[in-house]
Amino acid sequence: MHARGQHVGLGAHLAVHGDDLPLGERGPEHVLVHHAHAVGRDVHDRGHRDADEHEQRRHAAQRRLERRAEPWPETRAHQHDGDDDAQDKHGEPHESLLRWRGAWPPPTLSSFGGRDRKLHQPPPTMPPRRRFRMAWLQVRDALRAPVGTEVTVKGWVRTRRDSKAEGGLSFINVHDGTCFDAVQVVATGALPNYASEVAKLTTHCAVECDGVVVETPKGGREIKASAVRVVGWVDDPDHYPIQPKPHSFEYLREQMHLRVRTNTFGAVARVRHTLSMAMHRFFDERGFFYVHTPIITASDCEGAGQMFRVSTLDWVARLSEPGRGGPTPGSEGRAAHFEQDFFGKEAHLTVSGQLNVETYCMALSRVYTFGPTFRAENSNTARHLAEFWMIEPEIAFADLKADAALAEDFIKYLIQTVLRERPDDMKFFDERIEKGLLTRLGEVVDKPFRHLPYTEAVKVLEGAIAKGQKFEYPVKWGTDLQSEHERYLTEQHFKQPVVLMNYPKQIKAFYMRENDPGTDGAPGPTVAAMDVLVPSVGEIIGGSQREERLDRLDTRIDEMGLPKKEYWWYRDLRRYGTTPHAGFGLGFERAMMFITGMQNVRDVIPFPRTPGQAEF
RNA sequence: UCCUCCAUAGCUCAAUGGUAGAGCGACCGGCUGUUAACCGGUAGGUUCUAGGUUCGAGUCCUAGUGGGGGAGCCA
């Protein structure tokens, strides 16, 4: 069941702090590097020393990288299990993954080191702070700090609840976005600004709280405040758009600049970050190089849909010239017109980095690109954006099978990583956005994807029709499968991700490698294309083995009536040391939807661009 | 682009063509180591915009704007 229409707001899920967060130990790794250095210098002669120092610097750099990627000892421990993390493969991994094995983090990790001092200085109107300065901890660290630790937390108020007991008592939930939960700060009437300020705090006031970590009567963790400084008030709390109550996603889209302050969009933002990092790590660990392909493309040959024009010409002035409707496509003035433009030819925003990344693949072997992609199509659905992010790996000396295997490993790696590193947010998605999400993702990780030739898929669908399954559109070999067909395969027939391979040639792009006749017993010519389809989201990956044979590629370009001249550099790749190669494109936002259970693509990207919407 | 549904208080929604309502939120008070708190009270409205029908329009009609869902295209 999905949660369309379910309202998730600030008040929904607060203060599950502290329970069952045993403290871990700080690892000794940070001392090893220096020790190794010292030994190297003393023992070896100069010639060896250079080589050794080089080696040790390399190790040190490697360690630094590892530390940076994995700040917490407990996550590092998991990391060593890598892909074949036994815990993820055998029975009930999720409960254990969800438990926070808290570690006591070094305070510098969360306090920005030296800048701490500046940020701590109170505004002139406030009384000067006495005694000593407490460690500024992020909320996620404060929630795991040992009882008795003196801390400062800085963040925003989620809710405030008051009690008259003990001469005035306020419970302030403070969050700073570093984890799902807020920390509960307890302020008493003894604070000098209790009545004047603390008791008037409303949702999303910015505060700095000093205090000591204590155990609650119920065994949780909270901060007993010794000072609460209000940094920023909320004007007119009655009209503050994000109230501590459920809000619809539709409403929050109209408050795009504020919606990240809610539980749901905070969780989405953190998971999105974690997925980005996981993606880079996945490729880096496998020897891929990250290639920045261009955003602006002047080749008029992308052919993957409507494109956005990039121009420095004054189109508005031209369009308003009397007697002219501006430049019209195909008119004679057109070519002359673009010669005067910035790039000397017609330019657009990219619709795919694939053709560019292929050039790097033919020298670096394994590459990927990750960046924004633009489609000017007037599609208005829960799965389409005009600006979205796409990951496109390309591997040399590889066929379609290797491509599909890479895609499967990739998706599973992303899921495992996010379950391990964001258990709090994933638990929230499981409880409030899509019931059973964790079970579903666990099954995706555990089971091999179902591989199926397109030709077989058509037979499955025809079989289903014979058994009475109704489709709006007919199923016929040689036509693209409709949404309803894909949904039937992933949601009803196989109930898992499905990799469809070897599509009819006539419905696929020119660069896809033509298969030998009769592959899979297909009645017509096919190409080595594959789509990864997943339940509810649909197509999440589209990829193919590329046509590396120049003569075949030329034939395809001619058949499709494409301007061969424009492809001169792409064709060069086939003339000079061509190899079999393959790649795919994964829509990052669709992966987000699949992994979080969010139902609308506009809710998994910070500032969605859709037809008629670029307000924020 | 096509089909379809919707637009009323800060939010979510009621109101048969006949006096504009509730819950939540905000504010005030009561109670309480509270935690989607609870109890009582107060304030809060150009019913999306522009026309039209009618004695009378939140309600019916026309057009526009904005939004949701589905389809196509795709990732």
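Treat the numbers as computed from the prediction; the structure is a model and nothing was measured.
Distance from the side chain of A:Glu254 is smallest to B:G67 among B:G33, B:A75, B:G67. Between B:G33, B:C74, B:G68, one nucleotide has an atom nearer to the side chain of A:Leu169 than all others, and that is B:G33. For A:Arg602, whose side chain is taken as the heavy atoms from C-beta onward, the closest listed nucleotide among B:G10, B:G68, B:G33 is B:G68.
The base-pairing partner of B:U1, taking Watson-Crick or G-U wobble contacts with both distances under 3.5 Å, is B:A71. When both distances must be under 3.5 Å, the Watson-Crick or G-U wobble mate of B:C60 is B:G52. Nucleotide B:A26 forms a Watson-Crick or G-U wobble pair with B:U42, both donor-acceptor distances falling under 3.5 Å. Pairing partner, B:A7: B:U65, with both Watson-Crick or wobble hydrogen-bond distances short of 3.5 Å. Across every strand in view, B:C31 sits unpaired, with no contact that passes the Watson-Crick or G-U test at under 3.5 angstrom.
Contact annotation: A:Asn600 side-chain N/O to B:G69 OP1/OP2 distance is under 4.0 Å. In this structure, A:Thr381 does not reach the B:G70 phosphate: none of its side-chain N or O atoms is under 4.0 Å from OP1 or OP2. At B:C74, none of the side-chain N or O atoms of A:Ser379 fall inside 4.0 Å of OP1 or OP2 (strictly under the cut-off).
Distance A:Asp480 CG to B:G72 C1': 11 Å, rounded to the nearest Å. Computed from coordinates, the A:Gln243 CD to B:C27 C1' distance equals 13 Å when rounded to whole Å. Atom pair A:Met307:CE and B:A75:P shows a separation of 13 Å (rounding to whole Å applied). In this structure, A:Glu377 atom CD and B:G72 atom C1' are separated by 10 Å, rounded to whole Å. Protein atom NZ of A:Lys224 is 14 Å distant from nucleotide atom C1' of B:U34, rounded to whole Å. Straight-line distance from the CG atom of A:Leu533 to the P atom of B:C74: 14 Å, rounded to whole Å. Whole-Å rounding puts the A:Lys508 NZ to B:C73 P distance at 11 Å. Between A:Leu252 atom CG and B:G10 atom P there is a gap of 17 Å when expressed in whole angstrom units.
At a threshold of 4.0 angstrom between heavy atoms, the contacts of A:Leu586 with the nucleic acid are absent. A:His384 comes within 4.0 angstrom of a base, heavy atoms only. As judged by a 4.0 angstrom heavy-atom cut-off over every strand, A:Phe584 is placed among residues making no nucleic acid contact. Within the 4.0 angstrom heavy-atom criterion, only backbone atoms of the sugar-phosphate kind lie near A:Gln482; the bases stay farther away.
Checking A:Gln496 against A:Thr490 by side-chain atom types alone, no donor-acceptor pair falls below 3.5 Å.
Where A:Phe588 and A:Lys164 each meet RNA chain B at their nearest nucleotide, the meeting point lying more 5' is that of A:Lys164. In terms of position along RNA chain B, the nucleotide closest to A:Gln613 lies nearer the 5' end than the nucleotide closest to the other residue of the pair A:Gly587 and A:Gln613.
A stacking contact between A:Phe171 and B:G33 is absent: the pair does not combine a ring-centre distance of less than 5.5 Å to the base's six-membered ring with planes differing by less than 30°.
Ring centroids of A:Tyr368 and A:His280 are separated by less than 6.0 Å, placing the two rings close together.
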